[in-house]
Amino acid sequence: QVHLVESGGGLVQPGGSLRLSCAASGSIFKIYAMGWYRQAPGKQRELVAIIFSSRSTNYADSVKGRFTISADNAKNTVYLQMNSLKPEDTAVYYCNFFLIKVGLTTPEDYWGQGTQVTVSS
């Protein structure tokens with residue numbers, strides 16, 4: 001089994017910062033990518049940022065220059081540093097790991113439970 005635990009969400013004023021963390025545990029053989037997605041009420045889930053095993057990263061245009069994704073491979077943990085937060089960043093944030101479990105050959109997606117981020121004055 002693979003288990004993902006997120007932390008770090010909350011309520012913050014516009015212009016503030018938050019740091020999300022997501023730690024994976026279990027029978028992990030290899031991680032190909034780690035990412036953060038978000039879903040606002042009435043909207044589809046969208047990619048926020050992703051980091052690959054090569055350390056390359058991609059960001060949604062709406063968060064470029066404000067959000068930074070990073071990873072600690074030794075801890076199987078991915079982080080999302082969110083600065084200059086805006087009300088439109090309000091959403092449930094989900095972490096995602098694309099990985100191969102021990103004993104398997106095909107990578108699969110695993111999701112965190114989601115953490116609420118609310119940006120409001």
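- Separation of atoms CG (Asn58) and CD1 (Ile69) is listed at 9.5 Å; rounding is to 0.5 Å.
- The closest side-chain heavy-atom distance from Leu4 to Phe97 is below 4.5 Å.
- Interatomic distance, CH2 of Trp111 versus CD of Glu6, reported as 10.0 Å (0.5 Å rounding).
- Rounding to the nearest 0.5 Å gives a distance of 8.0 Å between CD of Gln39 and CD of Gln44.
- Between Asn83 and Gln81, the shortest heavy-atom contact is OD1-NE2, 2.9 Å.
- Here Lys86 does not pair with Asp89 in a salt bridge; the nearest charged N to carboxylate O distance is not below 4.0 Å.
- We find the CG-CZ distance between Leu20 and Phe67 to be 8.5 Å, quoted to the nearest 0.5 Å.
- Summarising the geometry of Ala71 relative to Arg55, their closest heavy-atom pair is O-NH1, 3.1 Å, with the distance given to 0.1 Å.
- Proximity of a side-chain donor or acceptor of Thr90 to a complementary backbone N or O of Val119 within less than 3.5 Å is detected.
- Nearest heavy-atom pair, Ala60 versus Leu47, reported as atom, atom and distance to 0.1 Å: CB-O, 3.4 Å.
- Side-chain atoms of Ser54 and Ser56 include a donor-acceptor pair closer than 3.5 Å.
- Separating the CZ atom in Arg19 from the OG1 atom in Thr68 is a distance of 10.5 Å, to the nearest 0.5 Å.
- Within a 6.0 Å radius of CD in Gln1, other residues, nucleotides and ligands contribute 12 heavy atoms or fewer.
- Between Tyr37 and Asn96 the shortest side-chain heavy-atom distance falls below 4.5 Å.
- Between atom SG of residue Cys22 and atom CD of residue Gln113 there is a gap of 7.5 Å, rounded to the nearest 0.5 Å.
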